[in-house]
Number of protein chains: 2
Amino acid sequence: MTKGQPMSDAASRRPTVYDVAQEAGVSIASVSFAFRRPERISEATRERVLAAARRLGYAPSAAARGLANGRTGTLGLHAFDLMLERADPRDVTPPRSDARSPLDAASIIPWSQSDDETLADPRAFPLYVDEVQRGFALECWMLGRPVMLSSGSDSDVSVADTAGRVDGLAIFPSPVLPAALLRMPATIPTVLFSVAPGDDPHHRVRVDNAGGMSALIDHLVGDHQYDDVAFVGRQEGFDNSERFREYRASLMRWGLRPRDEPIDGTVRGPHRMLEQLGALHVRGALPRVLVCASDQHALMALDALAGLGVRVPDEVAVTGFDGILAGRLSTPTLTSVRQPMEAMGRAAARILAGTAGALPDGHARFDAVFAPRVVLRRSCGC
Amino acid sequence: MTKGQPMSDAASRRPTVYDVAQEAGVSIASVSFAFRRPERISEATRERVLAAARRLGYAPSAAARGLANGRTGTLGLHAFDLMLERADPRDVTPPRSDARSPLDAASIIPWSQSDDETLADPRAFPLYVDEVQRGFALECWMLGRPVMLSSGSDSDVSVADTAGRVDGLAIFPSPVLPAALLRMPATIPTVLFSVAPGDDPHHRVRVDNAGGMSALIDHLVGDHQYDDVAFVGRQEGFDNSERFREYRASLMRWGLRPRDEPIDGTVRGPHRMLEQLGALHVRGALPRVLVCASDQHALMALDALAGLGVRVPDEVAVTGFDGILAGRLSTPTLTSVRQPMEAMGRAAARILAGTAGALPDGHARFDAVFAPRVVLRRSCGC
DNA sequence: TTGTACGCGTTATCAT
DNA sequence: ATGATAACGCGTACAA
């Protein structure tokens, strides 16, 4: 077969420029121009080409275009361990879409109410990542760029795979990230969410944890006069660590002694929080305030305290961090430090879109640090 | 330059198999095998290749791979008029990510509280599409496939563009959809959400509107004895029309007379609902119940009634449809008919993943019809 | 086990 | 304005 000629059975394949060109009686260049360079072609042939394309159901292959001009036009958002902090979707019965129900005999599919409640629980959605993702998608929509969402637990492979599909990539934080981060190719612009500044070539979008935490502590100590304030949450990841550090620093500025041992609380899995708080409770050693590393920790603490019969905020006050929606639905409503999550997602998209065309070693590395804001609700005693 | 040889300045470009092959001292086939066919290569050379790839920051180009083997591995989700029913993100001040703030002198970015509230309003997020999208993304995650999110108002171009990027495509309903639908290439498996059955080659995922509506009317008339029930919402799109039709049919089965003129209510833009309800109110002609085409309509109706000083549900009862989260946050809480949105999104993904490899004219066309469920809350008088 | 050569579908560069 | 042709980077028969 001669190079560049259309294959014989045009019917069974996805149509290509060759098929359209033949159908319209023009060359493949004219087909391409009809779609991408309307000004370089006569209106008459353009119409002929478009009609032929429509007749054949032709859709240009993004893969070929991407190969030809070296860019995909897509921006990516990657999560290493997507949903690890949520209900595992594998626990939920998959809908029976594999049951063969032809169109003319559609059977009505029932669903498990409990499964639906698991998925629709505001404590599981929308979370921090969902709001950031929404901001990212909104901005990409405005920029006219498709968004590629990807995830994977094997850090290297999955991120490299995604990197090969997009012109720019934003990455959610993860415990496994730092190592993978260093190996990350600097070949496309990359934004890291909530990662400490460093020497690597990647951009940053993060929040001023210290400012938010110190404002929160100032409120708790200054306004409420609380003097026994504990921290809940393991120190893993940049955000949690920075929040813990500033929790200690702020208390010490007020002349108070922080509890050195933060109360551990894993957000997912069999959690030890009830256990730990229960132990403190029987010893009568519960702190007056639980400052939690995130809203998810705080909501778990509310559950645990309710289970122990401890009244919030009268006996123990609780605060969160992030400002997710579920904090507005809890009982009592949750005092928190809100991050502008949508704005952060949008910022990441703009950074990528702006630097996607630039040189790989573009010396302008962004570090967008957003100011969080204390949101006072009931759980702190307000 | 000879065909197939690496270019001279390997440093300034994204590295390719040629660069890696040269670096590792092997052929490009070995590089490819090292990544895709580990069993067909010796462990030693594989290690050499992977090390070289890491050194160079090599990420395989998805475009080239997609072109070579004819599939992208990605599933797509397309919305024609994404966010048309939400706050226009262009109204929101973009975050100042374009301000050059080098990493070593990060300035803290303030943000507008009102903008953040607009974006974080539960009435704007998560909506129906967001929950479906989440289900779609969850299922794709389980299937190990990336997701491509796209949107565009120009129906033909944008959907064709997306179709060229994915192995299968799910499409949200839209007023402009029917026309574009017919022109859609059947070249890749396609799922249409909430579209009436038809002769086209596309799959369907939808909800049993009639069953849901009749159950709702049965509750309102049978349990609450309401006899003056009006419908709110324009009859556009498959879901709204079917709901209106069944609203009429159900009432007539109960021997009641439906109001023929549904109260118009556009979800976005300067809405006429307050105006219309106000006119009915001054005439003392408000219906006893407002059955709304969607939760978004119902929430607007609640606002309008509150503005008129009409008590819900004592004077006028209100019901919605869909079961979005915002209905749990309204005052009073909203009685609705919930769709299993996540399950629908997951079903779409499974259908696409299952048929992506099949023949284009695969005769198994799915029509997954999910059973909705009445959710009783306060706004109906319960 | 490893290397060579070609095709995938598009865009861009040149001629005409 | 239109046509011919060479990249683009990867997968993979096929040859060695």
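Residue numbering restarts at 1 for every chain, and letters A, B, ... go by the order of the sequence lines.
- Taking the side-chain hydrogen bond (donor to acceptor under 3.5 Å, both in side chains) definition, one finds that B/Thr74 meets it with A/Arg165, sequence neighbours left out.
- Phosphate contact (OP1/OP2 of D/dC8, side-chain N/O of B/Ser61, threshold under 4.0 Å): absent.
- Taking atom CZ of residue A/Arg71 and atom P of nucleotide C/dA12, one finds them 11 Å apart after rounding to whole Å.
- Residues meeting the side-chain hydrogen bond (donor to acceptor under 3.5 Å, both in side chains) test with B/Arg65, sequence neighbours left out: A/Asp161.
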Write out a two-atom table: protein N or O, nucleotide N or O from nucleotides 11-13 of chain D, distance below 3.5 Å.
residue: D/dG11; atom: OP1; partner: B/Arg36; partner atom: NE; Å: 3.0
residue: D/dG11; atom: OP2; partner: B/Ser32; partner atom: OG; Å: 2.8
residue: D/dT12; atom: OP2; partner: B/Arg37; partner atom: NH2; Å: 3.2

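- For the pair B/Thr45 and C/dT2, the criterion of a side-chain N or O lying under 4.0 Å from OP1 or OP2 is met.
- Under the side chain to side chain contact (heavy atoms under 4.5 Å, CB included) criterion, A/Leu149 pairs with A/Leu77, A/Gln133, A/Val147, B/Val147, B/Leu149, sequence neighbours left out.
- No donor-acceptor pair under 3.5 Å is formed between the side chain of B/Arg71 and the backbone N or O of B/Asn69.
- B/Val26 comes within 4.0 angstrom of sugar-phosphate atoms only, judged by non-hydrogen atoms across all strands, and of no base.
- Across the protein-nucleic acid pair, A/Arg14 atom CZ and C/dT10 atom C1' stand 13 Å apart, rounded to whole Å.
- Axis angle between the ends of the helix from C/dT1-D/dA16 to C/dT16-D/dA1, five pairs each and rounded to 10 degrees, works out to 30°.
- If you measure from atom CG of B/Leu56 to atom C1' of D/dG9, you get 15 Å, rounded to the nearest angstrom.
- Taking atom CG of residue A/Asp19 and atom C1' of nucleotide C/dG9, one finds them 10 Å apart after rounding to whole Å.
- One can place CG of A/Asp167 at 18 Å from P of D/dC8, the figure rounded to the nearest angstrom.
- A/Gln22 places its CD atom 14 Å from the P atom of C/dG9, with the value rounded to the nearest Å.
- When rounded to the nearest whole Å, the span between CG of B/Leu67 and P of C/dG9 equals 7 Å.
- Every salt bridge (charged side-chain N to carboxylate O under 4.0 Å, His left out) that A/Arg55 has, sequence neighbours left out, goes to A/Glu23.
- Remark: A/Ala349 engages A/Phe136, A/Glu139, A/Cys140 in a side chain to side chain contact (heavy atoms under 4.5 Å, CB included) (not counting sequence neighbours).
- An OP1 or OP2 oxygen of C/dG9 is reached within less than 4.0 angstrom by no side-chain nitrogen or oxygen of A/Thr16.
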Which atom pairs, donor and acceptor, lie under 3.5 Å between side-chain atoms of residues 39-47 of chain B and protein residues at least two apart or in another chain?
residue: B/Ser42; atom: OG; partner: B/Thr45; partner atom: N; Å: 3.3
residue: B/Ser42; atom: OG; partner: B/Thr45; partner atom: OG1; Å: 2.8
residue: B/Thr45; atom: OG1; partner: B/Ser42; partner atom: O; Å: 3.0
residue: B/Arg46; atom: NH1; partner: B/Ala34; partner atom: O; Å: 2.4

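- Checking the phosphate oxygens (OP1, OP2) of C/dT2, a side-chain nitrogen or oxygen of B/Ser42 falls inside 4.0 Å.
- Evaluation of the ring-ring contact (aromatic ring centres under 6.0 Å, His included) rule for A/Phe35 yields A/Tyr58 as partners, not counting sequence neighbours.
- Contact check for A/Leu192 versus A/Asp200: side-chain heavy atoms found under the 4.5 Å cut-off.
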